[in-house]
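First up is the structure itself, then whatever we jot down about it.
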Amino acid sequence: MYVLGQDDMRKMDRYTIEQLGLPGVVLMENAGARVTEEIVRLVAEKGDNGTRYPIMILAGHGHNGGDGFVVARRLSDLGYKVKLCLLAAPEKLAGDAKVHYDVYRRRNLPFWSVQDASLEELFILLEPAPVIVDAMLGTGIKGEVRSPYREVIGWLNRHRKDKTVVAVDLPSGLCAETGKVQGEAVRATHTITFVCPKKGFFLQDGPQYIGEWKAVDISVPPSLAETLHLNVPLLITDDDVHEALPRRKSHGHKGSFGHALVIGGSSAYIGAPLFAAQAALNSGAGLVTLAVPDIIYPQLAAQSPATIFLPLPTENGYLAQDALQVLENKLETYDTLVVGPGLGRWPGGGEWLARLLKLAHMPVVVDADGLAMLKSHLSLLPKRDRPVILTPHPGEMARLLGATVGEVESDRLGIAQRFAQEHGVHLVLKGHRTVLATPEGKVWINPLGHDALAKGGSGDILSGIIAAFVAQGAAPEQAVIASVYIHALAAERCAAEKSRYSVLPTDVLEALGPAILSIVDPARSGQ
Ligand SMILES: NC(=O)C1=CN([C@@H]2O[C@H](COP(=O)(O)OP(=O)(O)OC[C@H]3O[C@@H](n4cnc5c(N)ncnc54)[C@H](O)[C@@H]3O)[C@@H](O)[C@H]2O)[C@H](O)CC1
Ligand SMILES: [K+]
């Protein structure tokens, strides 16, 4: 599914109107009709027949307000009580919005205008309303939200408890492009957006403001993103993951499903490499070998009977320089390599890792401390003959770039895309709404996952899943698409049972199987 920015939407709109010949008033009528359908559904879910108190429609003076006029008229025609509240002088209305405003007024339907009354009066009207529709500002917002929208949004956010707040296209005050709140933004319970979700839903403040979202058809074809060669990210869907998961042969044996090698661990971090190995096993790898410092090997071996162990020489609690000699002759046995979980950092570790990357002629996932040690050796990456997948969180990404976390977070899509292209890697930029970028410049956004994953061990599990899918033959892009989604889905399912507070990496590991099942065989998934 495409994810559109402010300009993308404008170009697709314009093309539909000017080249395809569908007038803007028709698009606006469609937009209002679809939002009306969704409101009817939400009101019914609330156990309300919509006649107890008017559905309050807050309309601005742009096209977003125009959608609001259509919603108010259509809801009224369906027998719902409504009140349209115009937050601008009617003289400011123009174009398609003016057409629909005039239609509404000619019908003599309930109307309130900020021109004739005070905002205090509006707030008294809004106070008991169970359903409020936010059609104040949409994709046309420029700069910080100004009066009177600012005061109305502030009031709404302070009084939203128990109310259904439906944002039309996007919450007023949220930037569709960056996800930044422009001074003040509506905290919606639901967002009904047009054509495709907007980038801002998945960036910065966006996820906290949009509530549950749904994209609806208004006769602007989503395929115009391709027709117009728009460079837009894609949102991962169940179908994409179904497609991306490596196919299993019923008659396959352990050799058919690949052998993953995990190199990690140090005296202080013994759980991390184990989580990665266990995740790889739970995600279908035929064989998993765990290469760890020999001082921690006995503790680990007792905990994971399904894992093969390769104890390596240790120095000061970390892998020793000569661990490479042991590895060198064995590397060709493995189909994929994860390096980093719990590895720690030691002087000379960067050179150690660089040498390992030169020796390893298989797809490699670099995570955690591996990323920290990679910083001075990034020039190696484009020269490798096999894929590299990097899985930084924003702090690790910032360190790799010599930037701040704030800089990374303010341009996650752009930074991921540029880095992946420049260094010829598949980049998994983790965080709330993980972003994936390919060496060719393709960008994906993961719609799933939340703070249940904000716990030590989560990243280790992700790297293990990726390795397992690569080991089973998935191309790196497909492997990362499936991995981030399954990982987040597993965590969401755990949180639904135990709360977001209490999910442990071991729970996520156990939930990987049911999460995969829910994709490959939804009927048997139990959810
Ligand atoms: N996507 C589609 O195909 C369709 C979208 N529709 C709706 O149209 C809006 C975008 O409409 P637009 O008129 O461009 O902008 P807005 O309604 O968002 O409002 C802009 C309006 O508000 C003023 N304004 C701008 N910035 C601020 C600010 N910071 N504070 C206060 N006021 C501000 C500005 O003067 C403008 O006049 C889209 O979101 C959809 O809802 C169509 O209806 C159907 C086709
Ligand atoms: K809005």
Side-chain angles (χ1 to χ4, degrees), residues 257-293 296-297 299-301 303-312 318-319 323 327 331 334-345 353 356-357 360 362-374 388-393 396 426 428 430 434 453 455-472 474 476 479-480 482-484 486-488 490-491 504-513 515-516:
F257 301 121
H259 192 164
L261 172 66
V262 177
I263 303 178
S266 53
S267 57
Y269 295 103
I270 64 166
L274 192 60
F275 287 142
Q278 199 64 50
L281 284 167
N282 290 12
S283 308
L287 290 165
V288 177
T289 291
L290 190 45
V292 293
I296 65 168
Y297 153 67
Q299 279 160 283
L300 288 175
Q303 295 180 51
S304 185
T307 305
I308 304 164
F309 282 90
L310 178 59
L312 295 172
Y318 304 110
L319 286 177
L327 282 167
L331 280 174
Y334 308 105
D335 300 299
T336 180
L337 165 66
V338 180
V339 59
L343 197 62
R345 287 175 238 166
L353 181 64
L356 176 68
L357 290 179
M362 76 275 261
V364 176
V365 183
V366 185
D367 185 34
D369 293 315
L371 292 165
M373 300 204 292
L374 191 65
V388 176
I389 299 165
L390 306 184
T391 55
H393 58 55
E396 289 162 343
H426 286 80
V428 179
K430 296 185 289 201
T434 290
L453 281 172
K455 201 163 274 176
S458 293
D460 308 318
I461 292 175
L462 178 64
S463 63
I465 308 172
I466 299 172
F469 290 159
V470 173
Q472 287 167 87
V480 288
S483 301
V484 297
I486 297 282
H487 183 231
L504 296 178
T506 42
D507 300 321
V508 178
L509 282 174
E510 281 195 17
L512 291 176
I516 295 174

- Answer whether the closest heavy-atom distance between the side chains of Ile263 and Leu319 falls below 4.5 Å. yes

- Note on the structure: Here the pair of heavy atoms bringing Ile516 nearest to Ser283 is CD1-CA, 4.3 Å

- Message: I need the Asn282 CG to Phe275 CZ distance, nearest 0.5 Å.
- Response: 12.0 Å

- Under 3.5 Å, is there a donor-acceptor pair between the side chain of His487 and the main chain of Ile466? no

- Message: Any side-chain to backbone donor/acceptor pair from Asp335 onto His259? Under 3.5 Å, distance only.
- Response: yes

- So, the side chain of Thr336 versus the backbone of Pro363: is there a donor-acceptor pair under 3.5 Å, distance only? yes

- Query: So, does Lys430 use its side chain to make a donor-acceptor pair with the main chain of Thr391 at under 3.5 Å?
  - Reply: yes

- So, for Gly344 and Asp369, which heavy atoms are closest and what is the spacing to 0.1 Å? N-OD2, 2.7 Å

- Item | Thr307 side chain reached by Leu300 side chain, heavy atoms, under 4.5 Å | no

- When rounded to the nearest 0.5 angstrom, what distance separates CG in Asp367 from CD1 in Ile389? 11.5 Å

- Query: Would you say the side chain of Thr434 lies within less than 4.5 Å of the side chain of Val428, judging by non-hydrogen atoms?
  - Reply: yes

- Query: Can you tell me how far the CG atom of Leu371 sits from the CD atom of Glu396, to the nearest 0.5 Å?
  - Reply: 5.0 Å

- Message: With a 4.5 Å cut-off on side-chain heavy atoms, are Phe469 and Gln472 touching?
- Response: yes

- Task: Please examine the side chains of Leu331 and Leu261, heavy atoms only from C-beta on, and report whether any two atoms are closer than 4.5 Å.
- Result: yes

- Query: Considering only heavy atoms from C-beta outward, does the side chain of Leu310 approach that of Leu327 to under 4.5 Å?
  - Reply: yes

- Query: Looking at Leu290 and Ala277, what are the two nearest heavy atoms and their distance?
  - Reply: CD2-CB, 4.0 Å

- Over all atoms of both residues, closest heavy-atom pair of Ser267 and Ile296: CA-CG2, 3.9 Å

- Query: Can you tell if the side chain of Val388 reaches within under 4.5 Å of the side chain of Leu357, non-hydrogen atoms only?
  - Reply: no

- For Leu453 and Leu462, run side-chain contact (heavy atoms from CB on, under 4.5 Å): C-alpha distance rounded to whole Å, both residues' side-chain angles, the deciding distance at 0.1 Å, then the answer. CA-CA 10 Å; Leu453 281 172; Leu462 178 64; over 6 Å; no

- Any side-chain heavy atom of Leu287 within less than 4.5 Å of one from Phe257? no

- Give a yes or no on whether Glu510 atom CD has more than 12 heavy-atom contacts from other residues, nucleotides or ligands under 6.0 Å away. no

- Side chain of Asp460, backbone of Pro341: donor and acceptor closer than 3.5 Å? no

- Item | Worked check of side-chain contact (heavy atoms from CB on, under 4.5 Å) between Val470 and Val365 | CA-CA 10 Å; Val470 173; Val365 183; 5.6 Å; no

- Query: How many angstroms lie between CD1 in Ile486 and CD1 in Ile461, if you round to the nearest 0.5 Å?
  - Reply: 13.5 Å

- Task: Looking only at non-hydrogen atoms, find the nearest pair between Ser266 and Leu343 and report the distance.
- Result: CB-O, 3.6 Å

- Query: Which atom pair, heavy atoms only, marks the closest approach of Pro505 to Gly456?
  - Reply: CG-O, 3.2 Å

